[in-house]
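Everything below concerns the one structure shown next.
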Amino acid sequence: MIYVDRHRIPEPKWLKSNACKKLRAEAEKFFKEPLAKRKQTRFDFETGLLRIQTKDELLNLFHRKCAFCEQKLAPNLMGLGKWDLEHFRPKQVADDDQARDHYWWLHYAWTNLYAACPTCNRSKRNLFPVEGKRSAVGAMGAELSLEKALLIDPCLDRPEEFLSFDDSGMAMPSPSENRFNFAERRAQTVISTYELNRKELVKGRLSAIQNTFRALENVVNNHDIAPEDVMVDLWNRLQEELAPEAEFASAKRFACARQLLKGPISNPEAVTEATLPRVELGRYFKILRSQVPALKAAPLRRRVIPAADIVAPVPEHIRSAVVNRVEISNYRIIETLSFDVAEDASPEVKIPDASILHARSWKMLLGENGSGKSSVLHGIALALMGKKFYEEKKEEYGFANNLRFGSAAGEIKVWLSGDSEPLHLKVLRDKIEWVSGERGASIFLRGYGASRLLPKRRRNLNDPSCVEVRQSRNVDNLFDPFAPLIDAEGWLRSLNPEDFYCAATNLKALLDVKGEEVSLGFEDQSARSGRFGLWEKEHFTPLEYFSAGYQTLLALGCDIMAGTNKKVEDMISTPGVILIDEIGTNLHPRWRMEIIMRLRKTFPAMQFIASTHEPLCLRGLGKGEVAVMRVEKGIAELVDNLRSPAGLRVDQLLTSEFFGLNTTIDPQVEAQFTQYYDLLERKASLTATETGTLETLKKELADKSVLGSSRRDRLILDILDQFIVSSRAAQKTNFPKPTKDVVTQIEAILKAVQPSTPLRG
């Protein structure tokens with residue numbers, strides 16, 4: 001993080017336009033209403049347009065780098081791509097019951113807008129800790145500074161006075177004799193909130209520091225012997241490494257200043273004042289010289305630069321990391337499989353909420369019963385939960401005997417975003433051992449099986465005292481179908497009025513309950529007593545009268561919200577990983593079509609890895625978000641990198657690579673197709689009896705109008721049958737597409753044969 005002078009770039013004109021003033025007025029009108037009058041609705045901030053209208057100024061202001069970690073951003077030609085519009089003070093702050101609506105009035109304020117990488121933006125989410133008193137609604141400028149923000153503002157603060165880097169690329173508080181002072185607390189808060197020591201950052205900084213050391217060595221080694229024009233080039237190269245536009249400039253400046261203070265240049269400040277005026281190395285010299293008086297080390301040219309495989313410490317707070325790769329071998333029915341999960345949903349997935357710019361990518365596992373879908377989810381859950389969970393539950397859930405029959409050892413590897421090393425488990429005959437990551441993942445995690453049940457009702461409806469406090473990681477229901485979810489009604493009753501409003505708003509979005517006259521609440525909402533249910537004007541429907549689908553979704557939504565924080569907050573920015581087996585259980589076909597988009601809209605920052613048998617549950621998924629489990633000769637395997645299921649009808653989904661049925665007519669015809677293709681594949685070596693069976697099947701399928709009723713259809717389908725037979729092996733890795741020769745043959749038939757010519761003989 002380096003200092004950025006915001007005044008060098010003019011404020012975008014759009015922020016002063018009538019259109020923006022109108023958006024501000026709409027926000028003000030909404031947030032000035034008390035919670036009780038907001039009809040359990042979210043305010044839909046216009047973030048997409050704001051991002052487009054401010055992109056040029058923001059990217060130029062922050063040198064096309066993340067304002068916080070200094071990674072280079074990669075916007076596309078439209079200025080979108082891999083960068084996020086970050087609100088330094090969020091539109092809804094977390095962890096502060098006294099400031100629930102803060103800081104909505106700064107949503108369109110130029111001084112509150114920053115360019116950030118998606119990882120930093122997600123890591124920070126809507127956190128904004130302060131040591132002082134939270135500002136009053138509408139506060140600006142100097143009033144905001146009285147809050148004593150714990151996050152360092154690169155446009156107001158001098159980050160190098162708080163945040164330092166060592167030569168390995170690790171971020172740390174700047175050295176100080178006064179430990180645990182306000183400055184150090186700010187540095188520690190920034191490091192943990194933005195996860196500045198995530199492994200890919202440390203590795204990138206180290207590589208950048210090494211390049212800077214090489215440029216500095218060239219200057220030092222040639223300082224007294226090289227011609228002037230050569231030295232000018234060498235100094236220019238070093239200045240490029242340390243310039244504000246350079247990636248990881250702050251880490252490189254600290255490393256360079258540290259080396260110059262150790263020698264071998266006698267007066268580094270004089271040299272840099274003359275040759276490096278843009279990078280302000282004098283400030284870094286002053287910081288290092290005043291705070292670390294004794295700098296003793298070997299001369300620069302003999303310095304050993306540390307290796308790149310630095311292991312960053314795990315932050316104590318809940319990380320925003322998600323699963324981005326899974327590898328499993330010799331675990332239960334699985335011999336070997338691997339798949340990747342993208343961090344963001346593909347661009348074709350459109351969330352119906354203008355304030356949601358990025359939703360996490362999903363991974364949906366398909367496959368017949370016994371194909372290993374549940375095993376994949378269980379393996380991921382074990383890795384993420386860690387060794388302590390395994391030791392506590394191994395007898396209850398039968399974790400010990402999971403090695404595939406006939407194998408000597410197996411493995412489960414799960415990579416999290418931002419980590420270069422996986423959580424690594426070794427599966428043995430009667431136990432599981434941890435190679436790395438035995439503490440599990442410091443993330444919010446939930447795991448659910450096919451039975452997601454509400455617990456039995458308590459006798460005293462108005463007593464919330466026995467509501468279970470849920471830990472940040474809980475996957476019991478995934479392994480035990482009888483493990484109930486949280487007591488949704490009791491939990492809702494235990495919330496204060498503001499938290500209940502937020503919870504009900506999220507549940508309305510999840511249940512797709514619309515209308516100002518419709519709300520979730522209790523029979524006596526003012527006292528929050530009696531039964532919980534749905535109010536439609538004056539009509540009340542208790543929870544126990546809800547359909548199984550409503551109850552399943554409500555239980556799921558409350559269970560997720562209850563574990564994310566000590567209070568309820570806007571779920572749009574809350575990260576986590578959710579594992580769900582058989583996601584379509586108890587849902588009506590219409591709900592199955594909408595379940596993905598509802599969950600994406602309610603919990604967009606959470607990653608879902610789920611399984612299903614339902615083709616309708618693929619609605620809302622994009623390219624790369626669906627994988628198919630198949631069993632070949634008793635061994636489960638996975639087919640990944642499939643096309644987007646969007647736009648396919650149900651019958652097309654069933655006969656596509658996603659479900660692989662030959663027909664949607666009935667199981668008997670399916671069995672005939674299977675036998676038909678098996679015989680056709682061995683046509684050259686069939687016995688007389690088998691040849692007769694093949695001809696009989698061909699006639700029977702034709703009589704049922706399955707194989708076509710005209711000569712044209714018959715000729716075309718004969719060619720396609722041969723193609724399918726020759727491509728059956730290809731189906732194991734991906735759905736085969738007709739070759740150019742096949743297409744040419746079909747086109748020739750269509751030109752040569754009259755469409756009305758009946759099939760004869």
For residues [X] and [Y], is any side-chain donor paired with an opposing acceptor at under 3.5 Å?
X      : Y      : result
His378 : Asn402 : no
Ser417 : Asn324 : no
Asp344 : Ser361 : no

Task: Full working for side-chain contact (heavy atoms from CB on, under 4.5 Å) between Val626 and Arg643 - done: CA-CA 8 Å; Val626 182; Arg643 59 175 166 160; over 6 Å; no

What pair of heavy atoms forms the shortest contact from [X] to [Y], and how long is it?
X      : Y      : value
Gly372 : Ile334 : O-CD1, 4.2 Å
Gly624 : Lys363 : O-NZ, 2.7 Å
Val341 : Val323 : CB-O, 3.6 Å
Thr602 : Met571 : O-CB, 3.2 Å
Arg592 : Leu587 : NE-O, 2.8 Å
Leu510 : Leu599 : CD1-CD2, 3.5 Å

Check for a donor-acceptor pair, side chain of [X] on one end and backbone N or O of [Y] on the other, with a separation under 3.5 Å.
X      : Y      : value
Ser371 : Glu368 : yes
Arg598 : Ile596 : no
Thr612 : Glu614 : yes
Arg619 : Pro615 : no
His613 : Gly367 : yes
Asp559 : Ile486 : yes
Arg205 : Gly169 : yes
Asp480 : Phe482 : yes
Arg473 : Leu384 : yes
Asn474 : Asp476 : yes

Min side-chain heavy-atom separation [X]-[Y] under 4.5 Å:
X      : Y      : answer
Cys117 : Leu73  : yes
Lys393 : Phe399 : yes
Glu335 : Asn330 : yes
Glu411 : Leu425 : no
Pro118 : Asp84  : yes
Ile578 : Phe444 : yes
Leu638 : Val628 : no
Tyr550 : Leu511 : yes

Open item on the list: Assess the residue pair Thr552 and Leu556 against the criterion (side-chain contact (heavy atoms from CB on, under 4.5 Å)); give the C-alpha distance rounded to whole Å, side-chain angles, the decisive distance to 0.1 Å, and a yes or no.
Closed with: CA-CA 6 Å; Thr552 296; Leu556 184 68; 5.6 Å; no

Could you state the interatomic distance from [atom1] ([X]) to [atom2] ([Y]), rounded to the nearest 0.5 Å?
X      : Y      : atom1 : atom2 : answer
Ile580 : Leu478 : CD1   : CG    : 10.0 Å
Ile443 : Ser320 : CD1   : OG    : 10.0 Å
Phe603 : Phe608 : CZ    : CZ    : 6.0 Å
Leu686 : Leu679 : CG    : CG    : 6.0 Å
Ile595 : Leu618 : CD1   : CG    : 13.0 Å
Asp640 : Leu642 : CG    : CG    : 6.5 Å

Does [X] come within less than 4.0 Å of [Y], counting only side-chain N to carboxylate O?
X      : Y      : result
Arg590 : Asp512 : no
Glu625 : Lys623 : no
Arg198 : Glu200 : yes

Open item on the list: So if I apply the side-chain hydrogen bond (donor to acceptor under 3.5 Å, both in side chains) rule between Asp419 and each of Arg319, Lys199, Arg325, which one comes out positive?
Closed with: Arg319

TODO: Please test Thr585 against Ser451 for side-chain contact (heavy atoms from CB on, under 4.5 Å), starting from the C-alpha separation and ending with a verdict.
DONE: CA-CA 8 Å; Thr585 300; Ser451 300; over 6 Å; no

TODO: Scan Arg429, Lys431, Arg332 and name whichever one has a side-chain contact (heavy atoms from CB on, under 4.5 Å) with Leu403.
DONE: Arg429

TODO: Please indicate whether Glu395 has more than 12 foreign heavy atoms, meaning atoms of other residues, nucleotides or ligands, lying under 6.0 Å from its CD.
DONE: no

Task: Steps toward side-chain contact (heavy atoms from CB on, under 4.5 Å) verdict (Lys387, Ile432) - done: CA-CA 9 Å; Lys387 186 176 181 179; Ile432 293 177; over 6 Å; no

